[in-house]
Structure formats: C-alpha cells, structure tokens
Amino acid sequence: QIVMVLKEKRCSNLYLMEGMNRFSYVSTSAPIFEGIETFTLDKTTLYPLAVAGRVRKTEKELDVIRYVTKVTSEGHRRVMLAVKAGMMEYQASSIFSYYCYMYGGCREVVYTYLSCWGSF
C-alpha cells in the first residue's frame, strides 16, 4: 500500500535513513518494503543531516540533560557513601539504580553502572 500512496503523491526519489553512530557504532538500516526498487533511493543524504540537527539542543532538552546529570551524580555519591567491605559489585550497582529510579524518577539510565572491584 505504501508504494501506491507514494506513486499517487508522484514521489520518485526516497531519502532513507541509514548510517552508523560514530560513538556507539550502532547502525541504522534503511527500511525495506515490497516495491521499493521502483524508486530512486538515496541512503547517504538524510543521516548526516539528522545527526547535524541533533547537535543543537532546545532549552527543554538541556534542562533534561542537566537534571539527569544531577541525578546520576548523586547516585554515584550515594554508592560511595553506602559501600562496605565485602559487598559485591552488583550490590553497588543496585544502590545506584535504586537511587536514580526512587529519587530521580529515572526508570532507565544511559549507561550501566561501572565500578572497579578487586583485592588490594
């Protein structure tokens, strides 16, 4: 059905999002659907434009980043205050996750809590 709609709109070129994040190395693949071969496909223009557009943040986005940074910083501080000799790394990680969710409202965090553990 998408081919029919695009043809009705007289679309002949499709700009498809495809590229690799240069920090995470996660790739975004262009969509595929039956009949796509009937269009002229451009898989190189859209991704760099979308990435460039994400460089600038709105004030609301900056507020969210500031808030999450504050929450995660406090989460790390809480871990440092709570750890005791003999604790396992997963216990420290759970303190971090608990704080971020319970007091910061952050159900997800951008990264997995990492810390160095071992014998000295």
Side-chain angles (χ1 to χ4, degrees):
Q1 188 177 17
I2 191 167
V3 173
M4 184 179 71
V5 171
L6 291 171
K7 294 285 184 185
E8 285 174 6
K9 303 274 183 191
R10 297 189 180 139
C11 294
S12 58
N13 298 325
L14 296 182
Y15 292 90
L16 304 174
M17 182 80 91
E18 184 169 275
M20 181 183 293
N21 183 300
R22 66 183 182 145
F23 300 110
S24 68
Y25 302 107
V26 173
S27 292
T28 301
S29 299
I32 299 170
F33 54 86
E34 192 175 312
I36 197 169
E37 68 282 350
T38 63
F39 299 93
T40 301
L41 306 178
D42 181 338
K43 296 181 182 181
T44 60
T45 302
L46 190 57
Y47 189 82
L49 292 173
V51 169
R54 295 301 306 142
V55 172
R56 292 185 182 89
K57 303 292 184 206
T58 66
E59 195 57 38
K60 193 156 190 102
E61 288 172 313
L62 290 171
D63 287 345
V64 170
I65 292 168
R66 288 182 193 110
Y67 176 75
V68 172
T69 300
K70 183 178 174 184
V71 169
T72 56
S73 293
E74 182 61 21
H76 286 289
R77 194 176 81 75
R78 295 297 176 110
V79 170
M80 291 186 278
L81 290 170
V83 292
K84 306 280 186 261
M87 287 179 77
M88 302 298 286
E89 185 175 357
Y90 70 85
Q91 292 172 305
S93 179
S94 70
I95 294 166
F96 177 76
S97 297
Y98 171 79
Y99 178 84
C100 291
Y101 195 6
M102 181 70 179
Y103 296 101
C106 302
R107 183 177 300 165
E108 302 290 335
V109 290
V110 176
Y111 53 86
T112 303
Y113 178 77
L114 299 173
S115 57
C116 299
W117 293 79
S119 300
F120 296 98

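Keep in mind that what you see is a predicted model, and the values were worked out from it rather than measured.
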Closest non-hydrogen atom pair, [X] against [Y]:
X: C100; Y: V71; answer: CA-CG1, 3.8 Å
X: L16; Y: A30; answer: CB-CB, 3.7 Å
X: L46; Y: M17; answer: CD2-N, 3.8 Å
X: S27; Y: M20; answer: OG-CE, 3.4 Å
X: T45; Y: L49; answer: O-CG, 3.4 Å
X: Y47; Y: E18; answer: CB-O, 3.2 Å

So, does [X] use its side chain to make a donor-acceptor pair with the main chain of [Y] at under 3.5 Å?
X: Y67; Y: G104; result: yes
X: S93; Y: Y90; result: no
X: T72; Y: T69; result: yes

Any Lys/Arg nitrogen of E74 or R78 sitting under 4.0 Å from an Asp/Glu carboxylate oxygen of the other?
yes
Any Lys/Arg nitrogen of R66 or D63 sitting under 4.0 Å from an Asp/Glu carboxylate oxygen of the other?
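Salt bridge flag = yes for D63 with R66.
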CA sep, side-chain torsions, deciding dist, call: R56, E61, salt bridge (Lys or Arg N to Asp or Glu O under 4.0 Å)
CA-CA 10 Å; R56 292 185 182 89; E61 288 172 313; over 6 Å; no
Below 30° counts as parallel, above 60° as perpendicular, anything between as tilted: where do the rings of F96 and H76 land?
tilted
Can you confirm whether E37 is buried at CD, in the sense that more than 12 heavy atoms of other residues, nucleotides or ligands lie under 6.0 Å from that atom?
yes
Can you tell me how far apart [atom1] ([X]) and [atom2] ([Y]) are? Round to the nearest 0.5 Å.
X: M102; Y: S97; atom1: CE; atom2: OG; result: 14.0 Å
X: Q91; Y: S94; atom1: CD; atom2: OG; result: 6.5 Å
X: L6; Y: I36; atom1: CG; atom2: CD1; result: 9.5 Å
X: L41; Y: Y15; atom1: CG; atom2: OH; result: 11.5 Å

Taking atom types as modelled, find out whether T44 and D42 have a side-chain donor-acceptor pair closer than 3.5 angstrom.
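Judged by distance alone, the side chains do pair up.
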Is it possible for you to check whether K7 lies under 6.0 Å from the centre of the six-membered ring of F39, through NZ or CZ, and within 45° of that ring's axis?
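Here K7 passes the 6.0 Å and 45° test against F39.
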